[in-house]
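Here, residue 1 is the first one in the sequence, and each next residue gets the next number.
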Amino acid sequence: QVQLVESGGGLVQAGGSLRLSCAASGRMFSIYDMDWFRQAPGKEREFVAGITGSDGNTYYTGSVKGRFTISRDNAKNTVSLQMNSLKPEDTAVYYCAARVGASDTYWGQGTQVTVSS
């Protein structure tokens with residue numbers, strides 16, 4: 001019902017920047033809370049950043065605060081993650097997620113981000 005497609009992943013050197021985008025379907029996109037998660041090999045999926053649908057408040061995990069910025073464009077049904085000052089520890093598959101209603105979460109397929117030292 002809610003389809004999410006990520007793009008923008010790739011290989012970048014430490015200190016570089018990358019911008020991830022997530023295109024979403026859904027007539028009620030503007031009220032969806034949108035998140036970015038990431039998962040590195042052998043590790044659990046972790047929350048990276050989120051932005052609410054109600055008022056656009058943003059939230060970040062401590063390790064990316066000040067380096068990453070999440071934003072949304074409701075007219076285009078997109079959410080983005082601007083990643084600056086990238087570190088090798090940021091290497092992971094990044095997933096876009098939409099929280100719809102009280103208990104439904106929809107996930108994209110993920111996009112690989114690799115940061116070399």
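When the salt bridge (Lys or Arg N to Asp or Glu O under 4.0 Å) test is applied to Asp73, no partner is found at least two apart in sequence or on another chain. For Thr52, the side-chain hydrogen bond (donor to acceptor under 3.5 Å, both in side chains) test picks out Asp55, with sequence neighbours left out. Listed by chain and number, the residues in a side-chain hydrogen bond (donor to acceptor under 3.5 Å, both in side chains) with Gln82 are Arg19, Asn84 (sequence neighbours excluded). The side-chain hydrogen bond (donor to acceptor under 3.5 Å, both in side chains) check on Arg99 picks up Asp33, Asp35, with sequence neighbours excluded. Val113 pairs by the side chain to side chain contact (heavy atoms under 4.5 Å, CB included) definition with Leu18, Leu20, Met83, Tyr94, Val115, not counting sequence neighbours. For Ser63, the side chain to side chain contact (heavy atoms under 4.5 Å, CB included) partners are Arg38, Thr61, not counting sequence neighbours. Considering only residues two or more places apart in sequence or on other chains, Asp104 meets the side-chain hydrogen bond (donor to acceptor under 3.5 Å, both in side chains) condition with none of them.
Here the CD1 atom belonging to Ile70 is positioned 8.5 Å from the OG atom belonging to Ser80, to the nearest 0.5 angstrom. Of the inter-residue distances, the one linking Met34 atom CE with Thr78 atom OG1 reads 9.0 Å to the nearest 0.5 angstrom. Lys87 contributes atom NZ, which lies 13.5 Å from atom OG of Ser117 (distance to the nearest 0.5 angstrom).
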Apply the test side chain to side chain contact (heavy atoms under 4.5 Å, CB included) to residues Val79 and Ile51: give CA-CA distance (whole Å), side-chain angles for both, the deciding distance (0.1 Å), then the verdict.
CA-CA 9 Å; Val79 61; Ile51 183 166; 4.1 Å; yes
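Chaining together hydrophobic side chains whose heavy atoms lie under 4.5 Å apart places Trp107 alongside Phe37, Phe47, Tyr59, Val93, Tyr95.
Under the disulfide (SG to SG under 2.5 Å) criterion, the residue pairs touching residues 71-117 are Cys22-Cys96, with sequence neighbours excluded. Applying the salt bridge (Lys or Arg N to Asp or Glu O under 4.0 Å) test to pairs two or more places apart or on separate chains, those with a residue in residues 59-72 are Arg67-Asp90. For residues 1-12, no pair satisfies salt bridge (Lys or Arg N to Asp or Glu O under 4.0 Å), with sequence neighbours left out. Sequence neighbours left out, not one pair with a member in residues 67-90 passes ring-ring contact (aromatic ring centres under 6.0 Å, His included).
Looking at every heavy atom in both residues, Ser25 comes nearest to Tyr32 through O-CE1, 4.1 Å. The shortest heavy-atom contact between Ser17 and Ser85 is OG-N, 4.4 Å.
Cluster membership for Met28 and Tyr106, using ILVMFWY side-chain heavy atoms within less than 4.5 angstrom, is shared.
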